[in-house]
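This chain uses plain numbering: 1 for the first residue, then up along the sequence. Keep in mind the model is a prediction, meaning the values are calculated, not measured. In what follows, every heavy atom counts, from backbone to side chain, and hydrogens, waters and symmetry copies are set aside.
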Amino acid sequence: MTTPITLHLNPLTVNSIKMLLICNALEIDVDYKHIRLHKGDQRTHEFLKLNPDAKVPVLVDGDLTLTESNAILQYLAAKHHSPFWPSSVAEQAKVLKVLFWQSNYFNSALGPYAHRRVVMPQWGFDKRDITDEMEQDFHKALTALENILEQNPAVAGDNFTIADISVASFLIFAEEAGMPLNNYIATLDWLARLKDQPWFSHTQRQLKNVLLTETKELETV
């Protein structure tokens, strides 16, 4: 019997949401370990042995321990021979281009919305305002994404790949975080097509359940 992979994550964080999306898309048998970041689970001796940087997610698959969410996306898609990691070298390069862009730029521009308005309140902290600078960065990043999606149905070409998973993870809490998306028509169309995918809608339901569970835990404190 095949031993399931283990994923150490926190389901409310963007990089962990990527893991839920890819595992649901590939229908992988996974042993999820919930790392409660707001309670310091990432600083335990056991976790630091897995990732000295004290960050999630961390994948353990047999003898392999792998960190960095986009690397894990590529590993899982390639291991399972999924079209989410294309076979063409040229198409792979297009996917990597988006992954690097997401990591270097999109991350800091989109991250504050869900983190400040959804994640922190769920962890018992006060909701924080979005500054004018953050809002400007958000619109600059969304304009870039809109330009991509006006030319292609997916962020790295014609078909959904791990690049779409990586970018969409920042927008999965768009409604809860009040992200100003109304003027980004191509982006909204792309999100609607993603939501039509069973694996994406299933992940959304999972996350809504997490929000309800976390809220109930806070109410009992």
**Message:** With no hydrogens and no angle check, just 3.5 Å: does a side-chain donor-acceptor pair link Asn10 and Ser16?
**Reply:** no

**Request:** State whether a side-chain donor-acceptor pair under 3.5 Å links Lys18 with Ser166.
**Result:** yes

[Y] reachable from [X] in the ILVMFWY side-chain graph, under 4.5 Å edges:
X      : Y      : answer
Tyr105 : Val98  : yes
Ile72  : Leu64  : yes
Phe125 : Ile130 : yes
Leu145 : Phe100 : yes

Which pair of heavy atoms, one from [X] and one from [Y], lies closest together, and at what distance?
X      : Y      : result
Pro4   : Asp31  : CB-N, 4.3 Å
Trp85  : Ala78  : CD1-CB, 3.8 Å
Pro112 : Met134 : CB-SD, 3.8 Å
Phe200 : Leu194 : CB-O, 3.1 Å
Pro83  : Thr161 : O-CG2, 4.3 Å
Phe138 : Leu110 : CE1-CD1, 3.2 Å

With a cut-off of 6.0 Å (strictly less than), are more than 12 heavy atoms of other residues, nucleotides or ligands near [atom1] of [X]?
X      : atom1 : value
Glu68  : CD    : no
Asn152 : CG    : yes
Asn104 : CG    : yes
Glu150 : CD    : yes

Between [X] and [Y], is there a donor-acceptor pair closer than 3.5 Å when you use the side chain of the first and the backbone of the second?
X      : Y      : result
Asn51  : Asp53  : yes
Ser103 : Leu99  : no
Gln102 : Val167 : no

**Prompt:** Yes or no on side chain to side chain contact (heavy atoms under 4.5 Å, CB included) for Leu59 and Ile5, after CA distance, side-chain angles and deciding distance?
**Reply:** CA-CA 7 Å; Leu59 173 143; Ile5 65 170; 4.0 Å; yes

**Message:** According to side-chain hydrogen bond (donor to acceptor under 3.5 Å, both in side chains), does anything in residues 132-148 pair up with another residue at least two apart or in another chain? List the pairs.
**Reply:** His139-Tyr184, Glu146-Thr187

Once you round to the nearest 0.5 Å, how far does [atom1] of [X] lie from [atom2] of [Y]?
X      : Y      : atom1 : atom2 : answer
Leu142 : Leu171 : CG    : CG    : 6.5 Å
Asn209 : Gln204 : CG    : CD    : 12.0 Å
Arg43  : Ile35  : CZ    : CD1   : 12.0 Å
Thr44  : Lys49  : OG1   : NZ    : 9.5 Å
Met19  : His8   : CE    : NE2   : 13.5 Å
Ile165 : Leu21  : CD1   : CG    : 5.5 Å

**Request:** Please work out which of the three classes, parallel, tilted or perpendicular, describes the rings of Phe170 and Phe106, given edges at 30° and 60°.
**Result:** perpendicular

Is the shortest side-chain heavy-atom distance between [X] and [Y] below 4.5 Å?
X      : Y      : answer
Asn15  : Val56  : no
Lys33  : Leu9   : no
Leu76  : Leu26  : yes
His115 : Leu12  : no
Asp41  : Phe47  : no
Pro11  : Gln206 : no
Thr13  : Leu37  : yes
Thr67  : Leu50  : no

**Request:** Would you sort out whether Val210 and Gln122 count as a side chain to side chain contact (heavy atoms under 4.5 Å, CB included), showing the intermediate values?
**Result:** CA-CA 10 Å; Val210 170; Gln122 288 297 126; over 6 Å; no

**Fill in**
Those residues at least two apart in sequence (or on a different chain) that pass side-chain contact (heavy atoms from CB on, under 4.5 Å) with Arg193 are Pro153, Phe160, Asp189, Trp190

**Request:** Begin from the C-alpha positions of Ser201 and Asp196 and carry the test side chain to side chain contact (heavy atoms under 4.5 Å, CB included) through to its verdict.
**Result:** CA-CA 7 Å; Ser201 59; Asp196 284 339; over 6 Å; no

**Request:** Show the numbers, then the answer: is there a side chain to side chain contact (heavy atoms under 4.5 Å, CB included) between Val118 and Tyr113?
**Result:** CA-CA 8 Å; Val118 180; Tyr113 269 83; over 6 Å; no

